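The block underneath contains the structure these notes are about, expressed in structure tokens.
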Amino acid sequence: MAPFNFDATVFKPSYFPSSDVTFEPGRFWSTMRLGPHVFGVKLENHGDTDAPALDLCIFSVVPPDPAAAGAVADEVRWRFDLDADLTGFSTLAAGDPLLGPAVERRRGMRLNAFQSLYEFLVITVVLQNATVRRSVQMMENLFSGFGGRAAFDGRELSCFWEPARLAAAPEEELRALKVGYRAKTLLRQAAAFRGGGLDERELRCLGKDELEGRLLKVFGVGPASVGYLLFAVFHHYDAFDTVPPWEQKIYSQLLFEADLVPAATILAEVRRRWGPWRMLAAHYVFEDLFGRHRQEPIPWLGKLLRL
DNA sequence: CGGCAGGTGCGGA
DNA sequence: TCCGCACCTGCC
């Protein structure tokens, strides 16, 4: 679906770097695990924002059968939200002085979580109560302890592990990877997936409220993580019902030009301004801010980002 | 060296 | 339902 902005979709300035994905203008590489199989995925941009065209190349140790290749393609389509129709969103943005310029600069950007539900859950756990640098360190330690490496197309990237593999490890093995008290959470989550009690495909069909309830039952998932999951993994554009402490400071500046505004005030404001599009809108404003910060450092943001 | 970070589960009011 | 507290680790 047009408009589709390849570069703004595959590269999010606010995301922490991770060795399972890499990109350059017009190209994106990642590993993708589907059950026991690990694939290399390469995407190339062959169109432009108003006439999008993508080339997908799939790498594997043995040639994938058509069904497996189709499954990878379907996942790419879902994870980059390629079928999204953002017509209503564009109309909304046009009349908003904060959102408008951000959408103009990143027109056609989609949400992007190039991970499965289980994998993204691991990401939310390493984000908890940690600075960015430490999150990166924990994630990379987990890749080296439980994940693997896949070399394809002249690159070598990390890949995630199967939940069963991590679930079988003793807690000390995880603690040795410097994840601290998160070891218990990682073990319990992996065990939940090993048992097959959480089926991502099935969960995608649920409504937001029921889905949220199911996710909150997962050990280690609270209000902040569930918001990230609902938006990034399940594409609920309105999943902005909680503000984590560090984002509260950023939205206070963006929306009110103040140091710290109560969370409830921020939530009421984004509902009023952006309604059912509020998380997608916030995503645009956020990525635009971080993107501009990379080009030309924004002093107040620099102070908030503890590396 | 104590405080704190891109939260969460738990026990008690 | 709401609140206070502990929690790995590493930086400030």
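Convention: sequence-line order gives letters A, B, ...; per-chain numbering from 1. Quantities reported herein were computed from a predicted structural model and do not represent experimental measurements.
B:dC4 atom P lies 21 Å from atom CG of A:L127, rounded to whole Å. In this entry the distance linking CE of A:M138 with C1' of C:dC11 reads 13 Å, nearest Å. In this structure, CD of A:Q137 is placed 18 Å from P of B:dA5, rounded to the nearest angstrom. Taking atom CG on A:L186 and atom P on B:dG7, their separation rounds to 16 Å, with Å as the unit. Between the CG atom of A:N129 and the P atom of C:dC5 there is a distance of 16 Å, given to the nearest Å. The NZ atom of A:K184 sits 14 Å away from the C1' atom of B:dG7 (whole-angstrom rounding). Rounded to an integer number of Å, the gap from A:L215 CG to B:dT8 C1' is 15 Å. Distance OH (A:Y251) to P (B:dG6): 15 Å, rounded to an integer number of Å.
Listed nucleotides C:dC11, C:dT9, B:dG9 differ in distance to A:F219; the shortest reach to its side chain belongs to B:dG9. The side chain of A:S225 lies closest to B:dG7, out of B:dG7, C:dC8, C:dG10.
Within the 4.0 Å cut-off from OP1 or OP2 of B:dA5, not a single side-chain nitrogen or oxygen of A:Q128 is found. For A:T185 and B:dG9, the shortest distance from a side-chain N or O to OP1 or OP2 is not below 4.0 Å.
A cation-pi arrangement is found for A:R188 relative to A:F219, the charged atom lying closer than 6.0 Å to the ring centre and inside a 45° cone about the ring normal.
Closest of all the heavy-atom pairs between A:V41 and A:M32 is CG2-CB, 4.1 Å.
Taking the P atoms as reference points, C:dA6 lies 12 Å from B:dG3, given to the whole Å. To the nearest whole angstrom, the two C1' atoms, one in B:dT8 and one in C:dC11, are 22 Å apart. C:dC2 and B:dG6: their P atoms are spaced 26 Å apart (whole Å).
Aromatic ring centroids of A:Y284 and A:F89 lie under 6.0 Å apart.
If you check every strand for non-hydrogen atoms under 4.0 Å, A:S14 touches a base. A:R175 comes within 4.0 angstrom of sugar-phosphate atoms only, judged by non-hydrogen atoms across all strands, and of no base. Within the nucleic acid shown, A:F16 has no heavy atom closer than 4.0 Å to any nucleic acid atom. At a threshold of 4.0 angstrom between heavy atoms, the contacts of A:V221 are confined to the sugar-phosphate backbone, with no base atom among them.
Summarising the base pairing, B:dG6 is matched to no nucleotide, lacking a Watson-Crick or G-U wobble pair whose two defining distances lie under 3.5 Å. Using the Watson-Crick or G-U wobble rule with both distances under 3.5 Å, C:dT1 pairs with B:dA13.
Side-chain contact, A:S116 with A:E200: no donor N or O sits under 3.5 Å from an acceptor N or O.
The base of C:dC8 lies close enough to the side chain of A:R134 for a donor and an acceptor atom to sit less than 3.5 Å apart. For B:dG7, the base has a donor-acceptor partner in the side chain of A:Y181 [N/O atoms by modelled type, under 3.5 angstrom].
Checked for salt-bridge contact, A:E24 and A:R27 meet the test: a charged N lies under 4.0 Å from a carboxylate O.
Of the residues listed (A:F28, A:F23, A:W78), the one engaging A:F114 in a ring-ring contact (aromatic ring centres under 6.0 Å, His included) is A:F28, and it is the only one.
Along DNA chain B, the nucleotide nearest to A:S135 and the one nearest to A:V218 differ in position, and the one closer to the 5' end is contacted by A:S135.
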